[in-house]
Structures are given as C-alpha cells and as structure tokens.
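Working notes, beginning with the structure itself.
Reminder, nothing fancy here: chain letters follow the sequence lines and each chain counts from 1.
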Amino acid sequence: MIKLFFLFLLKDFKSYLLDSNKSWFAISFFLLCVLIFPLTYGSSVDLLKKTAIASIWICALFSNLISLESLFKEDYQNGVLLQYRINKIPFSIIVITKCISHWVFTGLPIIFFSPFFLIFLSGSSSDALGLFFSLLFGTPLFSLLGMPIAALTLGATARGPLLIFLSIPFFLPIIIFGVLGVNSFNSGSYSEYYLLCAILSISIVILPYITIKILQESLK
Amino acid sequence: MLELKNIEVVYNEVVLVIKGLSLEVKEGEIVSLLGANGAGKSTTLKAVSGLLKNEDGEVTKGNICFLDEEITNSNPSEIVKSGLFQVMEGRRCIADMTVLENLRLGAHTRRDRKNINDDIEKVLNYFPRLKERNGLSGYLSGGEQQMLAIGRALMAKPKIILMDEPSMGLSPLLVKEVFGIIKKLNEELGITILLVEQNARLALNVSNRAYIMENGKIVLEGSSKVLANNEDVKEFYLGGSKGERKSFKNLKSYKRRKRWL
Amino acid sequence: MIDEILNFINMNGHSFYIWTAYFIPLTLIFSYILIQRSKLKRMKKYETKI
Amino acid sequence: MLKYFHKYANPGKFLTLALPVRKIMGIVSIGVVTVGLIFALFLSPPDYQQKETVRIMYIHVPAAWMSLMIYAFIFFSSVVFLVWKFPLFLILAKESVTIGVIFTFTALLTGSLWGKPTWGTYWVWDARLTSFLVLFFIYLGLKLIMDSFSYSSKGDYAFGYLALIGGFNLPIIKFSVDWWNTLHQPASILRTGGISISSEMLIPLFLMAIGFLFLFIYILLVSVEINLKKRKIIYYKNKPDN
C-alpha cells in the first residue's frame, strides 16, 4: 500500500516535471497576474502598498483556478481512471497523491516567492511573515476544495467555465480570511489563522473522502 | 466459455443499441466480431466487461454467462477478478509510468506477489520491443502502447481477453506484429480471445470463427475461412468488388437467416 | 381621500424603495408560477395525445 | 419496462398524493399572501426608528428565510438521493433550485433597497451579505451544473455532491450576524431569549413567511409533476416497441 502510494506520488510528480507546461504554468501565470497590478495602478505607490497583500491573494486564487482544470482531465480522457477502477487500485491513493502534487506545484512556489512579490509590489516587509503563514494555510485549502469540484465537472460540456464558476463561491471565504488574517497579524491577533487552520483540518478529513466518492460515482 | 444470450442494451434508459444479440466463445478460440462503425461492437464488449454503466448503458434483456456464471450487469472489477479482461480502445497506458510499473499495476489485484517478477519476464518475452524501452510509456509509439496494454491485461492472468480494435491507428507493419502476437498468445498460453475489429481481412486471418454485426444485430456467423470466401463479406468488408454499399438486409443470406429466428 | 392615497403611495418619501421591493419579487414569483402552470397544461395536453 | 416502473413507482404514487395537496396549497397560499400583503402595507404601524421603510422587512425577511430553508431542503434531499438512491428526491431537489434562485435574488434585492434609506448605501461587504451572495452563487452553480451533462446520471450525482459541499455555507449565514460585528441587524426572532419584536409587526411577517412557504410547496409540486410527465413522454416516445 505504501509502495503503491509512493509509486503514484512519483508518477504525479513526474507528470508535472516532465511537462514543462504544467509545472511552470501556475507560477508563471501568478507572475503575470502580479505584474498587472502595478501596471494598472500607474505611478501611485500608495495604492499599490495598500493593496499588495490583496493582489497577491487574488493572483494565488487565479493561478489555482486555472490549474484546476488539468487536475483529473488527462487521466479521465485517456481512460486511465477507469483502468485504475478495474484494477482495483484504491482511489484514496490517487486522490491524495493528486492533491499533494497539485499543491506542491501550484501552492508551494507561490508561498516561497510571495515575500519577493510583496517587495515587488512595494508592500511593507513587516507583512511578509503574516502573508507567508496565511498562504501556507490558504493554498492547501485551494487544492483540497478544488479537487471535488474538478471531479464533479468531469464529463461536463464546457468544463472550464463551469469549473471556475463553481469553485469561486467556495474559494471566497478562504481569500477573505486570508487577507483579513494578514491585516490583523501585525496587531497580534491570530483569530483568522486559527479559523483557517480549523477549516483546513476539517477539509483534510472530509474533502478527499467526498472526492473519492464523486470519482467512483463518475466512473460507475 | 463466454455466452451471450439474446441480450438487449439500452443507453440512457431509452436508446436501444443492441437488440437480441447472441454469441458464443468457446475455450481456446479466437473469435472476431466484425462490423462497420456504430454497429454496436464496442457496446457488446462493454456489456460483457461491465463498463456499460460508465456510459449510462444497461443490459435490459437476456443474460451473459462466463464460465457458467451469470455476469450480467455486475461490477467491472468483479468481472476482472473472475478472469475476463478487456483491452480498451485507444491508448490506455499510464503515460507517466515506465513499462515495468505499468505491468506491475496490471497485477495489482493478484494475491501471489512472489510470481509477479517472473510473469513480467514472461510477458516481456512476447513483446521483444517493450524490453528495450526503459523510459516512460508516454513516449512509446502507438503500437508499443497497444502491446503494453495487452501485456498489462496478461499480467492479470485472464482466461479470456476482449480486445477492442487493436489495429486502430497503427502502421500496417505494426498491425501485423500485434496480430502475430495475438495469435501466439492464443496458441502458447491458451488464452481465449474475443476480437473486435474493423480491419476484417486481418481479423479473419487470425480468428477461428467470426460474427458480423450490423445495426446492433448479428447478421452472419461462421468459421473464418467460410466467411472469408463468402461473397457478401468479400464485397463489404474485404473490398472484393467495387459496388455501391448496400445493406445486408437486401441480401439473400440475411433473409435466409431471418427465417430461422 | 385622494390625499390619503397619495400619502400612502408616497410612503413618507421612501416610495421608490418600498414599491420596487414589493413589485419586482412578486412579479418574479408569480410569473414563474404562471410559466410553470402553462407548461403543466401543455404537458397534460401532450400526454392525452399519446 | 418493468424496471422503469419499479424505478418510478414511488413518483407515481407521489403524484396521486400530491395532486390534492397542490390544489389546496395553490388556493391557500394566494389567500395568505394577499392577507399578508394587506397587513404589511396598510395595517402594520411604521417603525419609530426606520419609519415606513420597515415595510420592506415583511418581504425581505421571509424571502431570506425561504432561501435558507430551500437550500436546507435541497441539501437534505440530495443526501437522501446520494445515500438511498431515490430518484424522486433528486427531482425534488432539482426543481427547488429555480425557486431558490428567485427567493435568494429577492432577499438580496430587497435587502439592498432597505439598506439605502437606513444605512445610506445599497451594499456593504459585511459577513451576512457576502455569505448570502455566496449562497446565490451556489444556487446559480447548481442551476448550471444541471444542464451541462450529456450523460444524465453523471450530472445527477454531480448535482447531488455539489449541493452537499455547498451546505457548508448555511451555518455561516445563520451565525454571521453573531460571530462578526456587522451593519446587518442581529437575529430578532430565531434567537435564545425570546422574540424582540412587537406583535403588530409579527403578524404580517409570519403571514408572509407562511404564504411564501405554501407558494414554494405549490410551485415545487407543479414543477415535479411537469418533470415526471416529461420523463414519461420521453420514455413513451422512445419506447422500442413503437
């Protein structure tokens, strides 16, 4: 079982690493998004400073939304998922490895580069730590919440727009708490972080299970 | 070994795709199922292997027996366990895994873990091309992927393999090789094979018996040699004489058959 | 009498908010009811044909 | 054939049961809503603080209750469908979505119309309003996902699971006024420690709420009947014997 898990984890990592489109897509999209904000705000540094954190969160949201589409798509279209089901490979392994690899290749780079982007958007450096933690709790939630929705829309016509429309309402609370958390971090209140942590721990338990159920149902 | 009795397949609860189809595959045979596009060949295979539900289809009448046990509408993984494996249409390899890993996954359901390495060796002996490939299976050519798919089916130690268009999208040379392997598997391992093909000439060459389908019904059946010499088959499937494509319904042999029913 | 009615319609200067708040939702709900009812009637007609 | 009737035997019985209920609901709901409107517009007194604008409450609050209740209903029916695979509950859930969209839109619209004279702005981004907007989006998502599957049964399960995941929003909406300090006034009826509202205002409020509830039941039954009849017609049209 553990062997199988690592086999699949390796497989998912390989699929990201070998396909340079896939691995660089999220982070390069993030970069482009971040670029847009200073360009559209013009020369007003004040405005940029105030909105730096929010802009980074918005970019994180968008790059996650965009990368969600490819989450199960290839395996579903090639019939590989069906093959797994016939071969009785537990879907829990597939779902968990998919989630981990998705986070590693879309969430993690964003978390690590976020302090640089904060400087880039002339945000105050005291926010860097707060932003780091809020992204650390927030981005796994994006991956976790995106999974069941990506699984739901498998086989739908016009999947891309549907996926974005369905995931936005679920992503909204995270982005709200994420941004609020950074703002109250400096004043020493961590309530938003606790809340994000609580949502994260509940989601880690429930959402993979729901995703497995959905996948099984869609391949019945 | 495998017997389909008068089955009827309905999609989405309303669309009738297969009407009263019966066929039989005896042990050790290669049986081919021929027919034009949309005749219901793939649907028949899916009905047997339990994959119909994935497309909202259902066997509503008749029954399917495998090794004297009824498997109508049962779970695909249960059917695989009982020794029936379907090699699906198109490329169905896990692209980001190596050939060996792919083969190992095929043996995932098996209990005898120790023999797996020996079996991989054995399977690879049938596919000398795959032996040389160490990279990811996503980089294999279409023919090699088809071979890998067959090899993975072999890893599950099936008694019967259903193949859905193994020649699709392959170069003529590779098609020959694949069919040679199919024949070899049948002769040396004694695996029964039900083959669905559009390439009738090749399929008739390797198979013992054949069925010809049209519009969800079997219109002709018999030993491959007889069918290959049948005028109608020659006309439609082997490209014997150039003429306008007529339906089987207008032909004598079909009318004769209809009287039996 | 007319003054009273006008006074009522005026709603203490908030006529716009109150009347739109009542008018739009009620039209939406009742038009949906009417649409569904006509659909049902059509269905029944069709059903008897079969 | 037999399978079909087995599968929808319950809906058939359901229809015979629903027909008299539907007729009663249709008449009663219209009556109650009319009386409620008379109370709301003419008989109830203006608030000492909010003056006449308080009359918007009689449509805003019942609509908000209804949209929450309908979502809870969809959630519950989807769970029943996913666990026990009763097709009737799926139809019930699916047909409630459009009504839910209408009521949620009503609540949002009347809320913002009420907000302008009392708070001075049509919209603020506080917890209650935002979570209600999210509810509206979830409703729209449900409506979208119903139509975007060519294989019907996959769409059914997608719908059920989406309704299930969307349920997280309900407690947030309910408690948003207690957990966060917001502009929106806190719950004054469904709360511990009794009702904090005068009885003259309660009468039209409850009349409208009950009227809306009956209206919902009425439209739902009509829609379900349409849905079942449509299925029957499609079935007979494509029957292999024809």
Side-chain angles (χ1 to χ4, degrees), chain C, chain D residues 22 26 29-30 33 37 40-42 46 50-60 62-63 66 95 98-99 101-103 105-118 122 211-212 215-216 218-233 235-237 239 242:
Chain C
M1 183 65 191
I2 293 166
D3 271 3
E4 255 173 56
I5 294 169
L6 278 178
N7 209 15
F8 174 71
I9 289 172
N10 191 30
M11 281 282 174
N12 218 356
H14 297 303
S15 58
F16 165 71
Y17 306 111
I18 292 170
W19 291 120
T20 36
Y22 275 84
F23 181 70
I24 294 177
L26 289 178
T27 358
L28 268 179
I29 294 165
F30 283 102
S31 57
Y32 185 62
I33 292 179
L34 289 180
I35 289 168
Q36 292 297 80
R37 275 178 62 113
S38 67
K39 250 190 198 170
L40 184 64
K41 262 178 203 156
R42 230 184 305 142
M43 283 284 161
K44 274 184 180 162
K45 228 185 234 168
Y46 204 86
E47 200 186 15
T48 47
K49 235 193 252 170
I50 294 173
Chain D
R22 193 192 87 200
S29 63
I30 299 287
V33 168
L37 279 177
L41 286 172
F42 304 102
Q50 301 185 355
K51 301 278 160 37
E52 299 283 352
T53 52
V54 81
R55 293 189 199 283
I56 296 177
M57 178 178 79
Y58 306 125
I59 199 154
H60 171 72
M66 281 313 292
E95 296 300 336
T98 315
I99 315 164
V101 170
I102 292 174
F103 277 120
F105 176 74
T106 301
L108 284 171
L109 179 85
T110 53
S112 79
L113 282 170
W114 196 6
K116 183 67 184 168
T118 46
Y122 281 113
F212 277 171
L215 265 186
F216 163 65
Y218 173 69
I219 313 174
L220 181 63
L221 291 179
V222 172
S223 307
V224 168
E225 207 173 326
I226 291 171
N227 193 313
L228 290 174
K229 283 207 161 50
K230 214 190 250 165
R231 273 161 193 261
K232 212 167 153 189
I233 288 168
Y235 178 76
Y236 278 112
K237 242 183 173 176
K239 209 166 67 169
N242 280 0

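D:Lys116 and C:Tyr17 get closest at one heavy-atom pair: CG-OH, 3.2 Å. In terms of heavy atoms, D:Leu109 sits closest to C:Pro25 at CD2-CD, 4.3 Å.
Residue D:Ile56 holds its CD1 atom at 7.0 Å from OG1 of C:Thr20, rounded to the nearest 0.5 Å. Taking CD1 from D:Ile219 and CD1 from C:Ile35, the interatomic distance works out to 10.5 Å, rounded to the nearest 0.5 Å. To the nearest 0.5 Å, the span separating NE2 on D:His60 from OH on C:Tyr22 amounts to 12.0 Å. How far CD1 of C:Ile29 is from CE of D:Met66: 9.0 Å, rounded to the nearest 0.5 Å. Interatomic distance, C:Met43 CE to D:Asn227 CG, rounded to the nearest 0.5 Å: 9.0 Å. Here the CD atom belonging to D:Glu225 is positioned 5.0 Å from the NZ atom belonging to C:Lys44, to the nearest 0.5 angstrom.
Proximity to chain C (any heavy atom under 4.5 Å) is shown, for D:Ile226, by both the backbone and the side chain. Contacts of D:Phe216 with chain C are absent, with no heavy-atom separation under 4.5 Å from either backbone or side chain. Heavy-atom distances place the side chain of C:Tyr32, and not its backbone, under 4.5 Å from chain D.
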Self-check item: Verdict with supporting geometry, D:Ile59 and C:Leu26, side chain to side chain contact (heavy atoms under 4.5 Å, CB included)
Solution: CA-CA 9 Å; D:Ile59 199 154; C:Leu26 289 178; 4.1 Å; yes

Under the side-chain hydrogen bond (donor to acceptor under 3.5 Å, both in side chains) criterion, do D:Tyr218 and C:Arg37 qualify, and how do the steps go?
CA-CA 10 Å; D:Tyr218 173 69; C:Arg37 275 178 62 113; 2.8 Å; yes

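Listed for the C:Tyr46 side chain is no donor-acceptor partner under 3.5 Å among the backbone atoms of D:Lys229.
In this structure, the side-chain contact (heavy atoms from CB on, under 4.5 Å) partners of D:Ile30, at least two apart in sequence or on a different chain, are C:Phe30, D:Thr34.
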